[in-house]
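Just below is one structure, and these are the notes that go with it.
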Amino acid sequence: MPELPEVETVRRGLEPTIDHTIVGCDVRRRDVVRDRSTDTPNPRRGRLDPSALGIGQRIVAFERLGKQLAMIVRAQHGNEQVVVIQLGMSGQVALIDSARIPNAKHVHVVWTLDNGQRVCFRDARRFGGITLLASRESLRGFWASLGTDALGVTSRHLWSRLSGSTRSIKAALLDQGVLAGVGNIYADEALYRAGIDPRKACDALSRPQVTKLARSIREVLRNAVEARGSTLRDYRDASNKPGSAQLLHRVYNRAGQSCIQCGSTIEHTRIAQRATCWCPSCQS
DNA sequence: CGACCCCTGCGC
DNA sequence: GCGCAGGGGTCG
């Protein structure tokens with residue numbers, strides 16, 4: 001579900017918890033948590049170290065790279081740990097004021113803070129999950145395979161990562177190793193804005209086209225962050241409010257409708273196993 | 001590279 | 001019932 005704008009909106013919504021201390025953590029589904037903070041041979045099994053989940057530690061920051069969110073916590077003696085949250089298709093992180101958790105179905109992890117607030121991780125499909133890391137340095141390693149954050153992608157970066165590739169530009173934009181944060185919605189929207197056919201091979205793009213595409217990606221994402229993300233069905237921010245970026249969509253989920261710019265019928269196909277929409281006359 | 005799988009819920 | 005959904009890991 002969530003792409004970069006949705007995750008960034010959630011990240012900002014969690015910032016009020018900074019400087020609060022985690023006093024408890026309820027792991028209701030053990031298998032959504034992977035503990036990579038210790039060297040135990042099979043970290044998926046056995047008891048979780050409570051300190052790895054942040055208990056007794058103070059929240060000091062929320063960081064984001066692409067679609068991934070990381071909560072940094074610090075112990076009194078200064079030692080830091082990292083809780084990485086990946087939302088997958090259906091994940092949500094909600095900041096709840098009361099002890100009673102609304103919509104408790106599929107809530108897998110609940111942190112309780114020193115002011116009584118709860119931070120709930122909910123994920124019906126369980127494509128998302130939580131990974132515990134021992135330090136910010138481990139986080140750098142964990143994120144090493146991701147490309148540059150899509151909000152700041154440059155033409156130079158995109159050009160170097162696309163050159164020589166024969167796959168379609170849409171498939172490349174969905175590859176988090178090329179750039180991190182673009183998913184199915186914003187890939188289609190950025191390609192529309194750049195006037196590029198999503199089926200076009202990367203190595204068939206001109207340098208000016210790549211420059212325009214990099215700018216389109218930044219603009220589409222920036223506008224979507226400003227609109228607090230796209231709510232198609234179940235995306236909600238940390239305060240359980242929907243976003244409005246879906247109102248900006250020009251091609252996504254508009255197959256068969258007419259192009260806003262030229263009136264042509266929006267086409268659709270599947271690229272990289274994902275539904276793909278584009279305007280046959282505005283995009284080539 | 002693409003194909004397939006993971007899982008639940010929803011609209012048709 | 002079926003097909004599809006905003007993600008991503010692993011396989012050949």
Side-chain angles (χ1 to χ4, degrees), chain A residues 1-10 28-34 36 44 64-69 84-93 103-108 121-131 142-147 150 161-192 198-204 217 220-221 223-225 227-237 242-256 268-277:
Chain A
M1 151 177 59
E3 305 181 29
L4 184 153
E6 292 75 36
V7 178
E8 174 62 13
T9 304
V10 169
R28 302 179 177 188
R29 252 201 103 109
R30 175 66 183 80
D31 61 359
V32 306
V33 182
R34 282 190 318 160
R36 290 184 43 174
R44 281 191 82 100
R64 180 192 59 74
L65 179 57
K67 305 170 191 173
Q68 296 194 32
L69 183 64
V84 179
I85 300 173
Q86 291 171 271
L87 298 176
M89 290 283 261
S90 56
Q92 303 173 340
V93 181
N103 233 348
K105 195 176 183 188
H106 299 122
V107 170
H108 306 313
F121 173 70
R122 185 166 181 270
D123 184 11
R125 294 176 74 179
R126 273 176 283 128
F127 287 178
I130 288 170
T131 304
F142 191 71
W143 280 349
S145 62
L146 296 178
R161 296 307 306 266
L162 299 180
S163 66
S165 173
T166 57
R167 68 174 156 173
S168 69
I169 182 60
K170 165 87 185 256
L173 293 184
L174 294 176
D175 182 343
Q176 301 300 295
V178 171
L179 77 169
V182 172
N184 205 36
I185 295 178
Y186 301 110
D188 281 7
E189 294 301 319
L191 287 164
Y192 174 81
R199 301 166 298 177
K200 192 156 186 159
C202 294
D203 62 4
I217 291 167
V220 161
L221 294 176
N223 292 340
V225 169
R228 307 182 56 81
S230 299
T231 297
L232 301 177
R233 174 191 266 143
D234 42 25
Y235 164 71
R236 294 293 183 278
D237 68 14
S244 60
Q246 69 280 2
L247 302 175
L248 306 173
H249 297 174
R250 295 180 180 181
V251 284
Y252 179 80
N253 211 16
R254 293 194 69 243
H268 69 107
T269 186
R270 281 189 94 73
I271 297 176
Q273 283 73 245
R274 317 299 300 277
T276 299
C277 299

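To find a chain, count down the sequence lines: A is the first, B the second, and so on, and within it residues start at 1. Model, not experiment: these values are computed from the prediction.
Between A:R161 and A:V178 the shortest heavy-atom distance is CB-CG1, 3.9 Å.
The listed nucleotides are B:dT8, B:dG2, B:dG9; the one nearest the side chain of A:K105 is B:dG9.
In this structure, A:R29 does not pair ionically with A:D123, as no charged nitrogen and carboxylate oxygen lie closer than 4.0 Å.
Side-chain nitrogen and oxygen atoms of A:R126 include at least one within less than 4.0 Å of the OP1 or OP2 phosphate oxygen of B:dT8. A:H106 has a side-chain polar atom (N or O) that falls below the 4.0 Å cut-off from OP1 or OP2 of B:dG9. Checking the phosphate oxygens (OP1, OP2) of B:dC7, no side-chain nitrogen or oxygen of A:S90 falls inside 4.0 Å.
When side chains are defined from C-beta on, A:D188 counts as touching A:K170, because their heavy atoms get closer than 4.5 Å.
Of the listed residues (A:L173, A:L162, A:L174), just one forms a side-chain contact (heavy atoms from CB on, under 4.5 Å) with A:L179, and that residue is A:L173. The side-chain contact (heavy atoms from CB on, under 4.5 Å) test with A:K67 is passed by exactly one of A:E6, A:Q86, A:Q176: A:Q176.
Using Watson-Crick or G-U wobble geometry with both donor-acceptor distances under 3.5 Å, C:dG1 finds its partner in B:dC12. With a cut-off of 3.5 Å on both Watson-Crick or G-U wobble distances, the partner of C:dG6 is given as none.
Across the protein-nucleic acid pair, A:R122 atom CZ and B:dC7 atom P stand 18 Å apart, rounded to whole Å.
Comparing the same atom, P, in B:dC4 and in C:dG3 gives a spacing of 15 Å after rounding to whole Å.
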task: Test side chain to side chain donor-acceptor pair (under 3.5 Å) on A:E3 and A:Y235 and set out the steps.
output: CA-CA 10 Å; A:E3 305 181 29; A:Y235 164 71; over 6 Å; no
5' to 3', nucleotides 1-12 of chain C under a 4.0 Å protein heavy-atom cut-off (B base, S sugar-phosphate only, - none) gives ----BBBS----
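Summary of the strand contacts: A:R29 and A:I271 both lie near DNA chain B, and taking for each the nucleotide with the nearest heavy atom, the more 5' one is attributed to A:I271.
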